[in-house]
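These notes are about the structure you will find just below.
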Amino acid sequence: MSPSSNTTATSGLISSLRRLCHHILAPVSGNPVFFIAVTLMSAAIPWMFAITQGAKILWLMLFATVQGTALSYLLCLLVSLMRNRVVRLVAKTMILIILSLLTLAEAGAITMTGQPLTSDSVNLLLETNSRETSGFFSQYLSAKAVVTMIAFCIAIIAVSLISPLIISKLKQNRGGQNLLRWIAIIILSVTVFAGAVRIITLLRPLGFNDYRQLLEWAAQDPGNPVLVRVNQLKFSDPLSKWSYICKELSLQRRNLSTWEETQQKLLTMPVNTDNARDFNIIIIIGESFIRAHSSLYGYYLPTSPRLAEEYSRGNLAVFTDMLSPANFTTTSMRNFLNLNDLSSGEDWAEGAYFPLVVKMAGWKVFHFDNQTISRTTDAGISQMLYSPINLSHTYDGGADSVFDYDGDFTAHIEQTLRPHEIPGKKMVTYHLWGQHFAAADRFPGTPRFTVADITIDKPWLNKDKRQEIADYDSATYYNDSVVGAIIDYWRDTPAIVIYFSDHGEDCWDLAPVEARNRPMPEDKEWLDRQYRVPFFIWMSDDFRRDYPEIEQRIILSTDRPGMLDNLGQAVIGLAGISAPCYREERDITSPAYIQRPRVTAEGYRFD
């Protein structure tokens, strides 16, 4: 090939690359202020949060920035394809107005509450009246919050206007113009590609038709709990974040609507109380209790002394093989408070709410919850607990406050609400904070256990991890005292107290992982830690005297494999209630109980 041919080929290649550069940069160079403004507003959430809260969330800031750049480039490309100048101007104006309002709302949420907007925030907004809204702003809208929001808006506007001028100045330097263009091309291409991949990944929930599937997907992380998907979405670009929020709210509404229809049908169901018994039923729902950390199940530290004392007296039946239906609270509670059976493929929304069945049989029903007290508390389990049908037909009372510590919560119930003094037989549910992460926040005063008490030897354990184990054990010890106090409150009545945890947990002494954010269903030990839960039934002396046959029925059932999705069947059976929704073969305390393969809400098989 001749030198002239080589020169021609090189010139052609350079010319093609220049045209490619021009096409790639055209949407941005034609809309520079729009591009920068959209990018900044799309990536604003983690930056605002880091600045105002002092949080170290560099990965979330990076993710939001590349996603914001990709979204901004896509919008610039779309408006560039609009040939009519007026249409293009209207489109850009509408996009900027929408993003400005969303950014302002996020800035307000972060400066006033310390957290970005979530589906819970949206639900709260939808269910808040004008008086409550006024009260919220009077409490949280301070001068500092207003100044901070204004400062963010000014910063975004200033950067959007100044940046194109700086770039224009740099382009006037002919020597550096080509270098600047190539640097811009490389950075833009990599960033847009990476951002587009992330947005596509985060839009996956749009294809989900099951709320449980959405929760499982959102709870996963790449090995870093800070980067759990639900957290990534909370600090994400507007497209990914609001697509997820809308999908979550849609699936919640769909499942809840089906559930409410099921309960309306339940109200027309005949309930036979001819053989119903006369005793109080107390249900205590623990939180994140690792069964292996209870001294009643062989743990080497005395974490459960109160329950151990009741066991030695013969008042406590300890079940040896009980599973939770899920390893997250909302999914777990939806399945053990309704009479669906997961091994039969039944959905929680199609199951009867067993507290309503008990209510229809003549018990007075109370739900005391230290995590949620109304539908405005969260977008998850509270929507079912405090649904209109429950408030109208199920509950005779509930908690009016939540407390940092469960001991203060139960003391408030005993001293102020006093369910013990209300005439008639009662079913009372206590939902505690238990050992929920972070365990160090779950007990008051001096920890019962210290790093020196953690003698287990694992290669990954250091002082900090041993401290977390000690905190968890101290929280377990405190939880034991809370459960003991509830037992004491009902001790002088004919009563049973059923205690269990909504799910298990991971802790550093058991494996080199912590918390529940990364599913490992192929690992049997992981399944045991997450789903195998403590389960006890305490019986008062009066109950044992009046119902010795039921006491024996409970004791004989302690070694049977069971799952909490059939908790309601056991409660109805022990209470002597006869109803079409009661299935004796699913009642673990019944002689007719049939053990079937246990399947979790996520589809994990144990048997």
Side-chain angles (χ1 to χ4, degrees), residues 15-45 47-48 63-107 117 149-150 152-172 177-178 180-200 202-203 206 236-247:
S15 178
S16 298
L17 289 174
R18 284 176 176 169
R19 285 196 298 272
L20 177 62
C21 289
H22 174 75
H23 287 308
I24 292 175
L25 288 176
V28 176
S29 58
N31 307 278
V33 175
F34 178 76
F35 173 77
I36 294 172
V38 172
T39 300
L40 291 174
M41 287 189 285
S42 298
I45 301 174
W47 289 87
M48 289 189 293
F63 290 160
T65 300
V66 297
Q67 290 165 222
T69 305
L71 179 60
S72 182
Y73 185 83
L74 174 63
L75 292 174
C76 285
L77 183 61
L78 288 175
V79 298
S80 297
L81 295 175
M82 299 175 184
R83 299 304 178 189
N84 187 295
R85 182 181 177 184
V86 175
V87 173
R88 187 163 62 245
L89 180 61
V90 170
K92 290 165 67 173
T93 302
M94 292 301 298
I95 291 170
L96 289 174
I97 290 174
I98 293 171
L99 287 177
S100 297
L101 292 175
L102 290 176
T103 303
L104 188 61
E106 294 284 5
L117 294 173
M149 287 188 284
I150 293 174
F152 276 122
C153 294
I154 292 174
I156 290 173
I157 294 171
V159 173
S160 301
L161 295 175
I162 294 172
S163 295
L165 297 177
I166 296 174
I167 294 172
S168 178
K169 288 287 185 182
L170 292 173
K171 289 171 66 175
Q172 292 177 8
Q177 186 174 354
N178 289 334
L180 181 64
R181 180 183 288 112
W182 282 108
I183 292 174
I185 285 289
I186 294 171
I187 294 175
L188 186 65
S189 299
V190 171
T191 304
V192 169
F193 178 77
V197 170
R198 282 198 51 77
I199 290 175
I200 291 170
L202 294 177
L203 289 178
L206 292 178
S236 191
D237 67 277
L239 176 63
S240 304
K241 176 170 182 169
W242 287 96
S243 295
Y244 175 80
I245 289 176
C246 292
K247 186 66 177 183

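None of these values were measured; they are calculated from a predicted model. Note: hydrogens, waters and symmetry copies are ignored here, and every other heavy atom, side chains too, is used. In what follows, residues are counted from 1 in the order of the sequence shown.
Side-chain contact between Thr69 and Phe35: present, with at least one pair of heavy atoms (C-beta onward) separated by less than 4.5 Å. Using a 4.5 Å heavy-atom threshold, the side chains of Leu117 and Lys241 count as touching. Side-chain contact between Leu40 and Trp47: absent, with no pair of heavy atoms (C-beta onward) separated by less than 4.5 Å. In this structure, the side chains of Ser42 and Gln67 stay at 4.5 Å or more apart for every pair of heavy atoms.
The closest donor-acceptor contact from the side chain of Asn84 to the backbone of Val87 lies under 3.5 Å. Between the side chain of Ser72 and the backbone N or O of Gly68, no donor-acceptor pair lies under 3.5 Å. When atom types are taken as modelled, the side chain of Ser189 and the backbone of Ile186 share no donor-acceptor pair closer than 3.5 angstrom.
The two residues Pro27 and Ser80 have their closest heavy-atom pair at CA-OG, 3.6 Å. Closest heavy-atom contact between Met149 and Leu104: SD-O, 4.1 Å. Minimum heavy-atom separation, Phe34 to Cys76: CD2-SG, 3.6 Å. For the residue pair Leu102 and Pro238, the shortest heavy atom distance occurs at CD1-CB, 4.2 Å. Residues Ser240 and Leu203 approach most closely at CA-CD2, 4.1 Å, considering heavy atoms. Arg88 and Val79 get closest at one heavy-atom pair: CD-O, 3.0 Å.
Between the CG atom in Leu78 and the CD1 atom in Ile95 there is a gap of 7.5 Å [rounded to 0.5 Å]. If you take OG1 on Thr93 and CD1 on Ile98, they are separated by 11.0 Å, rounding to the nearest 0.5 Å. For the atom pair Leu89 CG and Met82 CE, the distance stands at 11.0 Å (nearest 0.5 Å).
For the pairing with Ile156, the side chain to side chain contact (heavy atoms under 4.5 Å, CB included) check across Leu161, Thr39, Thr103 returns one residue only, Thr103.
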